[in-house]
Amino acid sequence: MNQRMIVPMLGEAWHAIGANRLRAFLTMLGMMIGVGAVVLMLAVGQGASAAVKKQIEAMGSHLFVVLAGSQQAGGVRTGGGNATTLTSDDAYAIRELPGVTAGAPVVIGNYQLVFESNNWNTQVFGTTPDYMTARDWKIADGSSFDDGDVQAARRVAILGKTTAQNLFGDSSPVGQTLRIKNAPFTVVGVLAPKGQSLDGRDQDDTVIVPLTTAMRNLTGSRFRNAVRMIMVQAESDAAMNSVESGMKDLLRERHRLTNGQDDDFFVNNLTAVANSAAETAKTMSLLLGAIASVSLLVGGIGIMNIMLVSVTERTREIGIRMAIGARQKDVMAQFLMEALMLSLTGGLIGVAMGAGGAFAVQAIWQTAVQVTTQSIILAFAVSAAIGLFFGFYPAWKAARLDPIEALRYQ
Amino acid sequence: MSFATQAQGPATATRKPVIEVSALTKTYQTQAGPVPVLHGIDFALHEGEFAAVMGPSGSGKSTFMNILGCLDHLTTGRYALAGQDVEALDNDALAGFRNRVIGFVFQGFNLLQRATLEDNVALPLVYAGVDRATRRERAREMLAKVGLGKYAQSRPNQISGGQQQRVAIARALVNEPRLILADEPTGNLDSKTSDEVMDLFCALNDEGISIVLVTHEPDIAQYARRLVRFHDGLLVQDSAVENRRWQGKSAQEVRA
Ligand SMILES: Nc1ncnc2c1ncn2[C@@H]1O[C@H](COP(=O)(O)OP(=O)(O)OP(=O)(O)O)[C@@H](O)[C@H]1O
Ligand SMILES: [Mg+2]
């Protein structure tokens, strides 16, 4: 085939399809649904894994949050995080478990911050340097406080980016002294920005101070050493199960719970929460994938069927073309192009439908979706492959016609 | 190779042969068994000749034309077209011959109904791999030559039968073939339009194109230079046409 023939052949294919629009549309329906489902499937799947990745990046990886609280008979959790059964010593004990890379006791409170004439109300975390380790939170400016600062209950603070900006503007706060609940704190560092959390909270609107300092100067708990939660990081995904059960045994033992008693704490596997969302999305993707493959198969067979009909209807035309010099490969190319045009047009509409469907899913279920260039290219490649595969036999049949028989066909 | 040349037409001895056929037979294979149709034809056509083929229905004229046109294969014998042994050619080469050496004109015109006249005429050029601008130019030129220049964008169902046959002739001419094969080209036309079409063939023949034309009408055969008669699959008469109806108008005049 000569490349000069491609344009007139494309034109003819377009006319041939245009001559029977309803038939062409019905033929393309299978492709549209199939390709649409492929695009939607990829959008939902990629959206979910991107969301999980983002969530894990925002939280830190292989994390547990241990909260104080108990489970009642009905399974309703009560007093989550408000009970006073967890202590900083629990955290230090957990830290010593095998497979644990960080164990940070945390107390939390909202306080007024003052620097010169600036006021800012924000969430203050009292914790240990392990917290930064667990959340994979870097220091952008200055330094973190260390375990010595925690032991000595020094009044030092690390500011989140937003807090720093609101109190100090663009100048560096490191070395400055601000007041938290009227107690003076020296700023030693500023955290690298983390952006919004998935629930839309600004994670950089925060202050982190040593646990002991917070307990003494801010929270002033009546219960010595009681903490709100313990953030625990396992060394790997593989270690998560053993860390979880080790932690539970340890806490039951430390809290002197007998066999019949319920836990007075609960362990939240943050990675598992994120992953279960991903699992749901994956299941949905698989379902869409099944619909997609069935529709694409049906679409392909539809194209093959209509192309066979078209070859029969146009037998005489094929004879005329052969009589004036069309070679077998020219006839083959003509019908392949027609099949390809059907499948690609169907695919194009399918991509639009799939992308539209993806955004509808996003709007209705608030699920993250992602329509990527790669998935669109994949959808087109699949359409082209189907057009060529299912168009091959009809085109071959047309090319093999005997010119004289074809001319005689009424 | 030696072909028995039976050319009886005028002044052929010095010209190059376009068609050389010897001892050609054709047997159709049908469910009911083999049907012998042509029983040994010897025939030659030289450059510039214009032969009319006549004979009763079923005598094998169309069968013969289809073989000459490289649309069908002979059973035994030899056929050389422009010096080339046709049976030795593969499918692509045969298509190339149909495209460039032969122009076929059918009784039923065989135009593509969906396409404009210009696109119909340009179609052989598409298969010849000619570029778009040249295709347009050549197609328009040919349509003008057959007197239909202003119908380039019409479709076959918008013009008369005689005009459709002229479009088919334009299509046959567009690749500048050496030979035109026409199987009852006036079979569907009334006598006036038949004469117009025949004038066109004669003018083309005067330009040097060789023609073989099948007809049932003696009047039409009178336009040719040479008359060949078939009977029951045999070539039974081959003679010069006397009192030819063509006075030698040019294609320009035909068009007018
Ligand atoms: N494809 C075929 N299969 C079997 N027999 C055929 C086939 N084509 C033609 N014949 C037979 O061959 C014989 C010659 O047919 P052909 O069409 O060549 O005759 P013709 O001279 O062109 O007749 P007409 O003047 O009616 O067009 C006829 O008896 C016909 O039935
Ligand atoms: Mg016939």
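Note that the coordinates shown come from a computational prediction; the quantities given were computed from them, not determined experimentally. Chain A is the first sequence line, chain B the second, and so forth, proteins listed ahead of strands; every chain is numbered from 1.
For chain A, the nearby part of R171(B) is the side chain; its heavy atoms alone come within less than 4.5 Å. With a 4.5 angstrom heavy-atom cutoff, F106(B) touches chain A only via side-chain atoms. With a 4.5 angstrom heavy-atom cutoff, N110(B) touches chain A via backbone and side-chain atoms both. Residue contact with chain A, scored on non-hydrogen atoms closer than 4.5 Å, involves the backbone and the side chain of D131(B) alike. Interface remark: I404(A) contributes backbone and side-chain atoms alike to the contact with chain B (heavy atom separation under 4.5 Å). For a residue to count as touching a neighbouring chain, one of its non-hydrogen atoms must lie under 4.5 Å from one of that chain's; by this rule L125(B) does not touch chain A. Heavy atoms of R314(A) lying under 4.5 Å from chain B belong exclusively to its side chain. Of the atoms belonging to R100(B), not a single heavy atom falls under 4.5 Å from chain A.
Looking at heavy atoms from C-beta onward, D92(B) lies in side-chain contact with K329(A) at the 4.5 angstrom threshold. A 4.5 Å side-chain heavy-atom check between F201(B) and P185(B) finds at least one atom pair inside the cut-off. Two residues are said to be in side-chain contact when any heavy atoms from C-beta on lie closer than 4.5 Å; R23(A) and I306(A) meet this criterion. Side-chain contact check for F230(B) versus L38(B): some heavy-atom pair is nearer than 4.5 Å. Considering only heavy atoms from C-beta on, I211(B) stays 4.5 Å or farther from E49(B) through its side chain. With contacts defined as side-chain heavy-atom distances shorter than 4.5 Å, the pair S383(A)/V35(A) qualifies. Taking 4.5 Å as the limit, some side-chain heavy atom of E118(B) sits within range of a side-chain heavy atom of T116(B).
Salt-bridge formation is detected for the pair R321(A)/E317(A): a Lys NZ or Arg NE/NH1/NH2 atom is positioned less than 4.0 Å from an Asp or Glu carboxylate oxygen. The residues D119(B) and R114(B) are annotated as not salt-bridged, no charged nitrogen and carboxylate oxygen being separated by less than 4.0 angstrom.
Residues of residues 57-71 of chain B that come within less than 4.5 angstrom of chain A, heavy atom to heavy atom, are N66(B), L71(B) in numerical order.
Taking G319(A), A326(A), P403(A) one by one and counting their heavy-atom pairs under 4.5 Å with chain B, the maximum is reached by A326(A).
The residue from V212(B), T215(B), L213(B), D183(B) that alone fulfils the side chain to side chain contact (heavy atoms under 4.5 Å, CB included) condition with V53(B) is V212(B).
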